[in-house]
Amino acid sequence: MDLYTLTKSIDDNLSFCKENSTVCDGISCLLPEDNFNKILNTVLSTVITCMLALVMFSMGCTVEIKKFWGHIKRPWGIAVGFLCQFGIMPLTAFVLSIAFDILPVQAVAVLIMGCCPGGTSSNILAYWVDGDMDLSISMTTCSTLLALGMMPLCLFLYTKKWVNSNDIVIPYDSIGISLVTLVVPVGIGIFVNHKWPKQAKKILKVGSVTGAILIVLIAVIGGVLYKGSWIITPSLWIVGTIFPAAGYTFGFFLAYISKQTWRRCRTVALETGMQNTQLCTTIVQLSFSPEDLGLMFTFPLIYSIFQLVFAFIFVGGYKLYVRCFGKTENNEKDVEEENKPNALHGETNGGFQIEDKANS
């Protein structure tokens, strides 16, 4: 019986069976389960995984070993990203859930999203806005690794208002797979860039185009596979709209006041707002009953859509700025500042300069 769905006649006086019915007694019919979504999901997951590996390999071709290792040894930029990822985002999720008085299970879905590490799409977008790719990839790697401990801690602190945090299943295997699919292709890309820099630039062009296709493909797939999950309350739509925008804004602001270069501010903003929505979806599916899923499963899809919408606005705004004012001078200054001995500790955009304003 688990392989079939039972459909009853609309009118007891009218007995009919559909052509593909397996069993029919004149009153009710057994129809074979539609496996279209399951097959499509498997095929597309395989395609996306291969594309993602190619994209991360190409992104690795932008990374210089010396600079990447510099971020690991003196992780000021990574520390700023860590505070945004596991400090600001969970707190923002908690505040939004309280402010809009959403259902408890929906609040838990919002909090799970806020506690997830950064997604790999942020690396692609950081490349498009001329961000610090060494910092972007090191932040994504570190946040995914640290999520093994920080996700349970954040969920314990914030979700106990609505649910027992022990009921939430953290898929450590999925986190591990995400880490492997990130580190291995990037590591190969770094090696290629080190040994054959000219070929690395060609690979990068292919990867950037593939990355654009991948982002659009993921968005379309989410809409097709889960088209029956879009009937939800307006408040959850509002939370899903505000949340990614707040992540980008707070990430940029915190990087700014910590005196990171402008390209690093852009990088931290994208790393903060661009969450690993696939991981959130997996946690929700593993942790809750089908009844609860009907109320909360749509939120990762909403967040995914609006994080892309605001990211494209971010990229579009930057490209427009470059077209109007040029980027060469600012980027050269950023690179010069980042190459200084103390550059990894910031002191590059001037911060708010409150004292200077007071003295003037």
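Keep in mind that the numbers below use all heavy atoms, side chains included, and drop hydrogens, waters and symmetry copies. The first residue of the sequence shown is numbered 1, and numbering continues consecutively from there.
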Which word best sums up how the rings of Phe310 and Phe306 line up, parallel for under 30°, tilted for 30 to 60°, or perpendicular for over 60°? tilted
Take Ser143 and Phe86 through the side-chain contact (heavy atoms from CB on, under 4.5 Å) test and state the conclusion after the steps. CA-CA 9 Å; Ser143 69; Phe86 297 112; 4.3 Å; yes
[X] [atom1] to [Y] [atom2] distance, which is reported to the nearest 0.5 Å:
X      : Y      : atom1 : atom2 : result
Leu157 : Cys115 : CG    : SG    : 8.5 Å
Ile313 : Leu320 : CD1   : CG    : 13.0 Å
Gln307 : Thr241 : CD    : OG1   : 12.5 Å
Ile88  : Leu254 : CD1   : CG    : 5.0 Å
Met133 : Asn193 : CE    : CG    : 11.0 Å
Thr267 : Met139 : OG1   : CE    : 8.0 Å

Is a donor on one side and an acceptor on the other found under 3.5 Å between the side chain of [X] and the backbone of [Y]?
X      : Y      : value
Gln275 : Ser304 : no
Thr272 : Gly247 : no
Arg266 : Ala126 : no
Arg264 : Gly77  : no

Check whether any side-chain heavy atom of [X] sits under 4.5 Å from a side-chain heavy atom of [Y], and report yes or no.
X      : Y      : result
Ile203 : Val192 : yes
Val322 : Lys319 : no
Leu125 : Phe314 : no
Arg263 : Asp130 : no
Phe82  : Leu146 : yes

Using side-chain hydrogen bond (donor to acceptor under 3.5 Å, both in side chains) as the criterion, list what pairs up with Glu271, not counting sequence neighbours. Ser122, Asn123, Ser136, Thr140
What residues form a side-chain hydrogen bond (donor to acceptor under 3.5 Å, both in side chains) with Thr249, not counting sequence neighbours? none
Which pair of heavy atoms, one from [X] and one from [Y], lies closest together, and at what distance?
X      : Y      : value
Met89  : Gly114 : CB-O, 3.4 Å
Met274 : Ala311 : CE-CB, 3.8 Å
Val80  : Ser258 : CG2-OG, 3.7 Å
Trp162 : Ser97  : CH2-CB, 4.0 Å
Cys116 : Gln85  : O-NE2, 3.2 Å
Phe299 : Ala109 : CD2-O, 4.0 Å

Using side-chain contact (heavy atoms from CB on, under 4.5 Å) as the criterion, list what pairs up with Leu96, not counting sequence neighbours. Thr92, Phe100, Val239, Ile242, Phe243
If the condition is side-chain contact (heavy atoms from CB on, under 4.5 Å), which residues does Ile190 pass it with, not counting sequence neighbours? Val63, Ile65, Val186
State whether the number of non-hydrogen atoms from other residues, nucleotides or ligands found under 6.0 Å of Phe250 atom CZ is greater than 12. no
Residues which pass ring pair (Phe, Tyr, Trp, His ring centres under 6.0 Å) with Tyr248, listed by chain and number, not counting sequence neighbours: none
Would you please name every residue forming a ring pair (Phe, Tyr, Trp, His ring centres under 6.0 Å) with Tyr158, sequence neighbours left out? Phe94
Aromatic centroids of Trp128 and Tyr318 separated by under 6.0 Å: no
